[in-house]
Amino acid sequence: MLSTELERLYPSGKTLVKDRVASRVHARDASVYAFSDEAARCAEQFMGWVDLASNPPLPFERIVSFAREARAEGFTDVVLIGQGGSTQAAMTITKYNKLDASGMRFRVLDSDSPVRLREVLHAVDPATTLVLIASKSGGTVEPRLMLSAVRAAFGEVLSSEQLVRRLVAITDPGSDLEAQAKAEGWRAVFSGEPSVGGRYSALSVFGLLPAALVGIDLEAMMARALEAERACSQDSIDNPAICLAAFLYDNYLNGRNKFSVLTQKRGRVLGLWIEQLVAESLGKGGHGILPNIEVDSLLLSSDPGDRCVVMYQTKNDSWDEMRNFEMSLSYVDPLIPRMNYRIESVEELAEHFVVWEYAVAFCGYLMQVCPFDQPDVAAAKAEVLSILRDGAPEPCLVESSLGGWQMGEVEARLAPCFAGAGTIREALRQLLGSIRPGDFFALNAFLPFTGEGRREALEVIRHGVAERFGVAACLEVGPRYLHSTGQLQKGGPNDGVFLIVSADELKDVPLEGEVAPSLGALAKAQAIGDQVILAQRGRRAVHLHVPDNSGVTLRALASEVMSVLAEVEGRAQA
C-alpha cells in the first residue's frame, strides 16, 4: 500500500474528518462545494473520477484486447497527440515505465514545435505506428492541427485506407472527433466519461489505453487504485488524501503557498502531472498553491519561508544514483516542512493518482475554491483564436540585436506596468527588478526543448533568477502549461513574474485549410495571447519573440538576461 511519511499532524485534517468530506466526495455529493452555486453546479457535472477504480466505465478487457491485437499485428510504436489532461497521465505512466518496457515504444506530441514533430516522425515507421488522438472535447486546437501535420507526413508513404487504420480516437461521446473518426473509418474509437474532467482522467481510458499498449498489467494497476480509493473515501485521520490535503492547506495558511517536488529523474514526469492537477484545480479567484518541479535542492538549503517540500523516492537499480539523490536531500533546510513518498513500481502510480486527486478535491473544499473548472484557460484559448482570426497586436518594441548580438528582429510586448521601457534591456530590467520575496518567476517557453543547447540555455535563466532572488522559479513548456499552471498564473494570487519566449521557425510546417497557417504561427499566437491575458489580469509579463530557436540564439538570450540580473542585483546593493 501507499508509502507515506508525514512528520506531524495538521489541524485541517480534523476538519475534513469532522465534516465527512472524504465519504461525501466519494458519494459524489456536490453539496461539499455549496460555498457557491457555480461551484456546486460544476461539481455535479465533474465528480465521475471518484470511483473509476471500483466502477470503471469501460471494461478493462476491451482495452487489453485492443493492445494485444495491435502488438500481434506488428505495431511497434505509438504516438499520442493531445494536450493537457488528455496526455499528462499517459506521459507519466509510459515514461515511468520506459526502463521496464516490454510493449510498444511510446511518444507524446503535445507541442506546436516543428522541431519536435520532425524528431518524432524521424523515429517511427508509419507502417508500424499507431496514432492516438486524445481530446475530451474533440475540438482543442493544438491536437487538431498537430494531427493535420502528422496525417500529411504519413500520407506520403501510406494510402488513405492504410492511414485511417492507424488512427485511434479517445474522446467523449458526441464530440466532433468521434464523428470524424467514425465517418472516416478509423481503427477504433474509445469513449471517455463526460463526468471526468481531463486532469482527473488518469485512471480512465485516457490513461489506461496507453498503459495497456506499453505492456502494463491493468488488473494489477487498478487493484492498487481500488485499494487507494477505499482508503481515500474514509473519514479518518489516517486517510492518506486527508494527510496530504492537510499538509498542503495548513502550510498554505502559514504563507507556504508553494511546494517543491524533489525526486529522482525517473519520477520527474510525475511532477508534471502533479503540477497540472494542483495548479489548474486550485489556482483561481485570487487563490492558489504553486507546484515547483525539477528544483535544485541547493536552492532550498536556507528556508525561504514560502515553500514546503514533497519528496518522491522512486525505483532505482543504481546504488550510485540512489546515493546521489540522498545526498542532494541532505542540503534541504530541515525547517522546511516535508512530505515523503516512495514508489517502487509503475503499478503503484495508480495509488498516487488517486491520493492526489482526492487530496486536491479536499483542498478545494478547505480553500473554498471549485477544483473542477478552469475559467482562465478558456479565456486564453479564446484570445488565441481571436489573434489567428484578426491579427496580433503590434509589438511595443522591435530591435535588431540583443545584448550586442546581431540576430535579426526581436519583438517585445510589454504589460502596461512596463510601458515606459524604451529598450528591451530596460524592459527586462524592470521585469526582473519587480521580483520581491514571496513572488515566483516563470519562464514560459514556446520553444523546442530538444537539440543541443536549447534547454540548457533556458535553465540558465530559470536557475539564475532563483539563485539571485531566492524565489521559486519555473520553466514551463508551451503550449502545455497553458492547460496547467497557466490557470494559476492568470487566476491565482498576483505574485508571479513572467518572461514569455517564442521564436520564428527555421523550417516551419505549413497547415492547409486550418485556423493557423503553420505550426509556428500557432505557437506565436499562443505566446502573444498568453501575454495579452496576463497583462489584462494585471500581471507583470514581458513577451520576447526572437528570430529563431537555435541553441546559440537562446544562449545569447540567456547571456543578456544574466547580464541584466547582475545589474539589478548591483543596483539593489548600492
Side-chain angles (χ1 to χ4, degrees), residues 75-84 86-88 90-99 101 103-134 141-158 163 166-167 210 213-214 265 268-269 272 294 444-459 475-482 501-511 516 518-524 526-527 546-555:
F75 286 101
T76 58
D77 293 86
V78 179
V79 174
L80 172 62
I81 298 173
Q83 197 57 240
S86 296
T87 58
Q88 199 63 69
M91 184 162 64
T92 299
I93 294 165
T94 56
K95 280 197 173 184
Y96 190 93
N97 187 62
K98 193 170 184 179
L99 297 177
M104 290 187 255
R105 294 180 292 269
F106 201 94
R107 295 170 179 85
V108 175
L109 271 175
D110 63 347
S111 169
D112 298 334
S113 170
V115 176
R116 174 60 179 161
L117 172 63
R118 285 190 291 271
E119 180 184 50
V120 170
L121 292 177
H122 178 73
V124 302
D125 178 358
T128 57
T129 300
L130 279 178
V131 180
L132 310 185
I133 301 89
V141 66
E142 301 97 335
R144 183 165 63 82
L145 298 193
M146 186 58 78
L147 171 61
S148 178
V150 170
R151 289 186 73 155
F154 275 32
E156 294 178 1
V157 295
L158 298 175
L163 199 159
R166 281 149 182 79
L167 302 180
L213 287 168
V214 299
K265 184 176 181 180
R268 286 176 192 159
V269 69
L272 290 172
E294 299 184 0
N444 296 340
F446 290 82
L447 300 165
F449 274 46
T450 56
E452 184 177 0
R454 288 190 175 105
R455 177 160 189 146
E456 292 84 353
L458 300 174
E459 290 287 8
L475 177 56
E476 303 290 1
V477 182
R480 179 193 300 160
Y481 80 88
L482 294 175
V501 182
S502 58
D504 285 339
E505 294 291 337
L506 294 173
K507 185 181 180 183
D508 206 349
V509 175
L511 300 167
S518 68
L519 289 180
L522 173 62
K524 184 176 182 180
Q526 289 177 316
V546 296
D548 65 78
N549 56 34
S550 65
V552 67
T553 295
L554 298 183
R555 288 198 300 274

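Every heavy atom of this structure was used, including side-chain atoms; hydrogens, water molecules and symmetry mates were not.
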Inset, instruction - Measure the CZ-CD1 distance between Arg144 and Ile133 for me, rounded to the nearest 0.5 Å. - result: 13.5 Å
Inset, instruction - Taking the side chain as every heavy atom from C-beta outward, state whether Arg166 and Thr129 have any pair of such atoms under 4.5 Å apart. - result: no
Legend entry - 4.5 Å side-chain heavy-atom contact, Gln526 and Leu482: yes
Legend entry - Electrostatic pair Glu119-Arg454, nearest N-O below 4.0 angstrom: no
Legend entry - Heavy-atom pair of closest approach, residues Pro210 and Leu132: CG-CD1, 4.3 Å
Legend entry - From CD (Glu505) to CG (Leu519), nearest 0.5 Å: 8.0 Å
Inset, instruction - Measure the shortest side-chain to side-chain distance between Leu80 and Met91 over non-hydrogen atoms and say whether it is less than 4.5 angstrom. - result: no
Legend entry - Closest non-hydrogen atom pair between Pro114 and Lys507, with its separation: CB-O, 3.7 Å
Legend entry - Heavy-atom pair of closest approach, residues Ala516 and Leu145: CB-CD1, 3.8 Å
Legend entry - Distance in Å, Ser113 OG paired with Asp508 CG, rounded so as to fall on 0.5 Å steps: 9.5 Å
Inset, instruction - May I ask you to test the Phe106-Asn97 pair for a side-chain heavy-atom distance under 4.5 Å? - result: no
Legend entry - pair Leu147-Arg151: side-chain heavy atoms closer than 4.5 Å: yes
Inset, instruction - Ignoring hydrogens and angles, tell me if any N or O in the side chain of Asp77 forms a donor-acceptor pair with the backbone of Val124 under 3.5 Å. - result: no
Inset, instruction - Could you check if a side-chain atom of Leu554 sits within less than 4.5 angstrom of a side-chain atom of Leu447, using non-hydrogen atoms only? - result: yes
Legend entry - Minimum-distance pair of heavy atoms, taken over all atoms of Ser518 and Leu511: C-CD1, 3.7 Å
Legend entry - Arg116 CZ to Met146 CE distance, which is reported to the nearest 0.5 Å: 9.0 Å
Inset, instruction - Quick one: closest heavy-atom pair of Asp112 and Ala523, and the distance? - result: OD2-CA, 3.5 Å
Legend entry - Any residue meeting ring-ring contact (aromatic ring centres under 6.0 Å, His included) with Tyr481, in chain and number order, not counting sequence neighbours: Phe446
Inset, instruction - Kindly indicate whether the side chain of Leu117, heavy atoms from C-beta on, has any atom under 4.5 Å from the side chain of Leu109. - result: yes
Inset, instruction - Take Arg118 and Val509, measure what side chain to side chain contact (heavy atoms under 4.5 Å, CB included) needs, and give me the verdict at the end. - result: CA-CA 9 Å; Arg118 285 190 291 271; Val509 175; 4.1 Å; yes
Legend entry - Interatomic spacing from CG in Leu213 to CZ in Phe75 - rounded to 0.5 Å: 10.5 Å
Inset, instruction - Could you tell me which non-hydrogen atom of Ser111 sits nearest to which non-hydrogen atom of Gln83, and how far apart they are? - result: N-NE2, 4.4 Å
Inset, instruction - State, with a plain yes or no, whether a side-chain heavy atom of Gln88 is found less than 4.5 Å away from one of Arg480. - result: yes
Legend entry - Full working for side chain to side chain contact (heavy atoms under 4.5 Å, CB included) between Val120 and Val79: CA-CA 8 Å; Val120 170; Val79 174; 3.8 Å; yes
Inset, instruction - Could you tell me the separation between the CD atom of Glu456 and the CZ atom of Arg555, rounded to the nearest 0.5 Å? - result: 9.0 Å
